[in-house]
Amino acid sequence: MSVTTTAAPRATGSRSGLGRLAVTELRLFIRERVGPIWGVGLPLVLLVVFGSIPSFKEPQRDFGGATKLEIYVPVLIAFSIALLALSSLPTVLAGYREKGVLRRLRTTPVGPARLLTAQLVVNVAVTMVTVIALLVVARVAYGVALPKQPAGFVIGVLFAAADLQAVGLFVAATAGSGRTAQAVGTLLFFPMMFFAGLWIPIAQMPGPLRSISHGTPLGAAVQALLRASAGHWPNGWQLLVMAAYALVLGLAAAKLFRWE
Amino acid sequence: MPAVIEVRNLHKSYGDTVAVDDVSFTVQEGEIFGILGPNGAGKTTTVECVEGLRRPDRGEISVLGLDPQRDRAELTEALGVQLQDGALPDRLKVGEALALYSSFYRAPADWRALMDELGLASKSSTMYGKLSGGQKQRLSIALALIGNPRVAVLDELTTGLDPQARRDTWQLIEDVRSRGVTIVLVTHFMEEAERLCDRIAVIDTGRVVVVDTPAGLTERVQTEQRIRFQPSVPFDDALLTGLPDVTGVVHRGDVVVVTGNDNALNAVTSVLARNNIVAQRLRVEQASLEDAFVALTGRRPETEQHANQGRAARGQARTGRK
């Protein structure tokens with residue numbers, strides 16, 4: 001073992017390192033398997049399960065003539081966004097901090113903030129792919145119409161992703177270890193999914209529950225997506241609720257986040 | 001030779017705990033500079049301030065003319081760092097880690113060549129979590145060198161390695177230095193410091209006790225010689241205690257241990273010869289770096305086990321400090 005290397009003639013492509021970081025983070029995300037299985041695979045499986053229940057394809061008066069399956073597609077999209085942002089993201093980030101990955105990056109020209117950015121980029125990219133997959137499968141296999149207000153739908157998905165990622169970052173900022181982050185993320189996931197209508201569609205909830213749902217990060221998201229599916233722009237308050245969570249929790253996370 | 005690192009009156013406390021009280025030293029270009037000291041002496045905090053990971057409460061630090069806090073971006077290009085704890089995701093492959101880290105720097109080393117030179121080529125597609133301790137250590141050295149740094153700080157480099165891996169790593173460090181890289185080596189191993197370092201700063205309770213070459217350090221405590229032998233026949237201690245150069249005679253089973261000054265050996269052997277006593281298994285013990293360390297700090301150097309326990313405790317303290 002002798003070390004004689006001199007400067008490499010090879011020029012590095014991206015000076016920022018963000019591109020390569022994002023590709024690396026995506027690879028790790030896939031290798032970890034938890035994210036792909038729970039955040040991408042499970043919503044698709046649930047779609048297939050719901051799609052094969054005959055009663056899910058009958059128009060219902062409660063939903064203004066929509067079928068239960070049509071109501072559930074946005075719920076499953078919210079499910080995927082929430083799992084990726086609440087379980088995957090904080091677990092990885094808190095784990096990186098715990099293991100000293102962020103600390104090690106502090107000693108390089110790139111710095112740990114860019115790893116955080118790469119994580120968010122990967123998270124959004126995977127979310128987008130999952131959303132498209134869910135919409136396409138629902139359309140092709142079960143004849144669920146694509147969102148009638150596509151731009152509104154995309155805006156709804158982006159606001160929902162920002163909103164949930166802020167919650168995830170807040171968890172990562174306050175949890176001491178990867179394991180704690182995972183536990184807290186999972187603990188938040190279930191009530192949020194309840195108010196997003198995973199067990200009882202929002203339209204069938206009793207009044208008080210429905211009001212709470214309107215104010216939760218995921219409840220607002222699902223309702224915005226439902227409106228866009230039906231051909232309307234998301235409500236102002238729906239976007240406002242999501243923006244408020246994104247802003248407040250995002251800023252709090254930025255203030256509380258420690259690199260080590 | 002120009003100074004590469006200058007630390008003047010560094011002070012750093014965590015709450016009421018003073019980690020570094022008053023540390024000053026200068027590292028010259030091209031040397032291997034050791035920072036040696038017992039657990040909790042402030043070694044790691046000192047180098048973390050040099051690396052810019054911690055902000056000193058008082059004092060001045062200059063690395064290649066840069067301020068570690070103010071000129072962080074420039075500093076990270078020129079200063080390679082190897083941290084105590086493993087710092088890569090378990091599922092990242094060796095080749096990927098090197099390619100990724102090389103993309104961070106303006107003028108990186110050729111990572112493939114570096115991987116070869118550190119004996120990691122066959123591990124290119126092995127995940128970090130599956131590497132042995134020695135392989136992880138070699139990878140972290142590779143990552144410290146990947147930006148073609150002028151200075152590398154290596155913290156507790158060989159802790160937890162088996163003796164063979166440790167020797168390989170030492171060879172590696174000497175090779176790195178021969179490339180012209182200045183090295184700061186934090187260690188608690190006497191043998192490592194003695195073998196590698198040109199100069200050593202002994203740090204204790206947050207202060208520099210002394211800075212000297214390994215030979216210079218041992219000379220400082222070389223006041224006494226210890227002569228051990230098994231006499232062929234029993235003899236009267238007075239034979240030796242009467243000698244002006246001898247300060248003490250002790251029996252340990254069959255073995256006699258005589259202490260005295262530099263001339264004691266001569267005096268003892270001639271007296272024994274005159275009395276027809278053969279000194280079997282004659283050994284003269286001189287002060288080692290370890291003796292110097294004990295004399296300077298008043299403590300035994302850590303064993304590796306203690307060091308690891310200390311590290312665990314320190315890790316907790318660090319988490320608490322956040």
Side-chain angles (χ1 to χ4, degrees), chain A residues 1-34 91-93 95-112 114-115 118-119 173-174 176-178 180 256-260, chain B residues 51-53 72-77 79-93 96-97 99-114 116-119 127 138 140-141 143-148 153 168-169 171-172 174-176 178-179 181 318-319 322:
Chain A
M1 291 191 290
S2 73
V3 179
T4 49
T5 319
T6 48
R10 185 175 62 85
T12 39
S14 69
R15 195 29 210 115
S16 74
L18 181 60
R20 201 183 273 274
L21 262 175
V23 170
T24 306
E25 288 307 308
L26 179 61
R27 276 199 194 125
L28 291 172
F29 171 81
I30 293 167
R31 273 179 212 156
E32 283 297 333
R33 290 204 287 273
V34 175
T91 309
V92 171
L93 288 180
Y96 280 180
R97 179 178 52 213
E98 197 181 1
K99 290 194 63 185
V101 174
L102 301 177
R103 186 177 143 78
R104 181 67 184 80
L105 279 177
R106 284 186 66 204
T107 66
T108 72
V110 157
R114 213 159 286 166
L115 179 68
Q119 267 293 322
T174 46
S177 69
T180 317
L256 294 172
F257 203 91
R258 295 285 173 271
W259 299 123
E260 47 188 275
Chain B
E51 291 156 357
L53 285 176
R72 276 202 63 74
E74 272 309 302
L75 182 76
T76 52
E77 290 280 355
L79 179 77
V81 173
Q82 189 256 346
L83 296 173
Q84 246 179 48
D85 335 274
L88 290 172
D90 278 344
R91 289 175 203 262
L92 189 61
K93 292 176 183 173
E96 290 169 356
L100 177 67
Y101 270 67
S102 80
S103 76
F104 296 164
Y105 295 90
R106 270 203 298 265
D110 180 345
W111 65 264
R112 285 186 186 83
L114 202 55
D116 274 351
E117 283 151 11
L118 289 170
M127 291 182 190
R138 272 183 276 156
S140 76
I141 297 171
L143 292 179
L145 298 177
I146 200 133
N148 263 330
V153 179
D168 289 347
T169 308
Q171 182 58 51
L172 201 66
E174 286 175 340
D175 292 341
V176 171
S178 66
R179 293 167 67 180
V181 179
R318 188 182 293 146
T319 322
K322 273 191 303 201

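Everything numeric in this text was worked out from a predicted model, so none of it was measured. Chain identifiers are assigned alphabetically (A, B, ...) following the order of the sequence lines, protein sequences preceding nucleic acid strands; residue numbering begins at 1 within each chain.
Between chain A and the options B/Glu96, B/Gln82, B/Glu174, B/Met127, the largest number of non-hydrogen pairs under 4.5 Å is found for B/Glu96.
Here the straight-line distance linking atom OG1 of A/Thr108 with atom CG of B/Leu143 works out to 10.0 Å at 0.5 Å rounding. Rounding to the nearest 0.5 Å gives a distance of 8.5 Å between CG of B/Leu100 and CG of A/Leu115. Atom NZ of B/Lys93 sits about 12.0 Å away from atom OG1 of A/Thr24, to the nearest 0.5 Å.
Checked by atom type and distance alone, the side chain of A/Arg104 never pairs as donor or acceptor with a backbone atom of B/Ala87 at under 3.5 Å. In this structure, the side chain of A/Arg27 does not engage the main chain of B/Leu92 through any donor-acceptor pair within 3.5 Å.
The heavy-atom pair separating B/Arg91 from A/Arg31 by the smallest distance is O-NH1, 2.7 Å. Closest of all the heavy-atom pairs between A/Arg106 and B/Gly52 is NH2-O, 3.9 Å.
Heavy atoms of A/Thr107 lying under 4.5 Å from chain B belong to its backbone as well as its side chain. With a 4.5 angstrom heavy-atom cutoff, A/Glu98 does not touch chain B via any of its atoms.
Under the 4.5 Å side-chain criterion, counting only non-hydrogen atoms from C-beta, A/Val110 is not in contact with B/Tyr101. Residues B/Leu53 and A/Arg103 have side chains in contact (heavy-atom distance under 4.5 Å, counting atoms from C-beta outward).
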